Amino acid sequence: MLDLDQKSIVLGAQAASKLEAIELVGKVLTQNGYIDPGYVESMKGREAVANTFLGNGIAIPHGKLPNLDKLHGIFARLEHPIDFESIDDRPVDLIFLLLAP
C-alpha cells in the first residue's frame with residue numbers, strides 16, 4: 001500500500017533546476033520522517049546516471065530504501081516548469097517521487 005497523505009503533497013513548489021526539485025521532495029521526505037537526509041544526495045546521484053522523466057511535463061524519480069516498511073510517495077506541482085533534460089524537450093512541472101522498501 002502506498003503512503004500518500006496530505007503532508008506528502010506540495011502544490012506551487014519553487015525549484016529552479018532538476019537538482020533543486022529533487023532537494024525539495026527530499027526535504028519533504030525528511031521532514032515527514034520517511035528518510036535520512038543523506039539519502040537526498042544519493043537520489044541526486046541516481047538522477048545524474050539515469051534521468052527519470054516520463055514526458056509531457058512529468059518526472060518520476062524513484063528508489064529503494066531497505067529500512068522502509070511500505071511504499072512512500074511525494075507529489076509536487078511546481079509553480080514554474082523546469083528543464084529536466086527530457087527527451088521530448090518539454091519542461092517538467094509534475095514530480096512524483098516513489099520510494100519502495
Side-chain angles (χ1 to χ4, degrees):
M1 176 177 225
L2 174 65
D3 182 17
L4 185 65
D5 55 23
Q6 187 67 29
K7 63 184 178 181
S8 300
I9 299 171
V10 182
L11 302 177
Q14 301 291 323
S17 69
K18 176 169 62 169
L19 292 181
E20 280 186 27
I22 290 171
E23 288 172 357
L24 169 85
V25 293
K27 183 177 178 182
V28 173
L29 284 167
T30 57
Q31 287 174 340
N32 291 343
Y34 297 144
I35 65 168
D36 181 278
Y39 185 67
V40 175
E41 289 305 313
S42 67
M43 283 192 308
K44 291 194 292 188
R46 190 223 178 274
E47 190 66 35
V49 172
N51 200 321
T52 57
F53 67 88
L54 205 68
N56 295 317
I58 302 167
I60 305 181
H62 55 280
K64 291 185 178 186
L65 283 177
N67 62 333
L68 292 179
D69 57 351
K70 57 185 172 181
L71 290 171
H72 291 280
I74 300 292
F75 173 78
R77 181 171 183 217
L78 301 177
E79 182 75 24
H80 303 285
I82 58 170
D83 178 18
F84 221 79
E85 302 167 5
S86 302
I87 273 183
D88 65 3
D89 288 326
R90 291 185 62 182
V92 165
D93 65 340
L94 301 175
I95 299 172
F96 184 73
L97 177 83
L98 183 62
L99 290 177

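None of these values were measured; they are calculated from a predicted model.
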Under the side chain to side chain contact (heavy atoms under 4.5 Å, CB included) criterion, do L78 and L24 qualify, and how do the steps go?
CA-CA 10 Å; L78 301 177; L24 169 85; 4.3 Å; yes
What is the distance from atom [atom1] of [X] to atom [atom2] of [Y], rounded to the nearest 0.5 Å?
| X | Y | atom1 | atom2 | value |
| --- | --- | --- | --- | --- |
| I87 | L54 | CD1 | CG | 11.5 Å |
| K27 | I74 | NZ | CD1 | 13.0 Å |
| S17 | E85 | OG | CD | 9.5 Å |

Identify the two heavy atoms, one from [X] and one from [Y], that lie closest to each other, and give their separation to 0.1 Å.
| X | Y | answer |
| --- | --- | --- |
| R77 | L94 | CG-CD2, 3.7 Å |
| G55 | D88 | CA-OD2, 3.3 Å |
| I95 | A21 | CD1-CB, 3.4 Å |
| K7 | D5 | CG-OD1, 3.0 Å |
| P91 | P81 | CB-CB, 3.5 Å |
| I82 | A15 | CG2-O, 3.0 Å |

Take F96 and V25 through the test side chain to side chain contact (heavy atoms under 4.5 Å, CB included) and record every step on the way to the result.
CA-CA 9 Å; F96 184 73; V25 293; over 6 Å; no
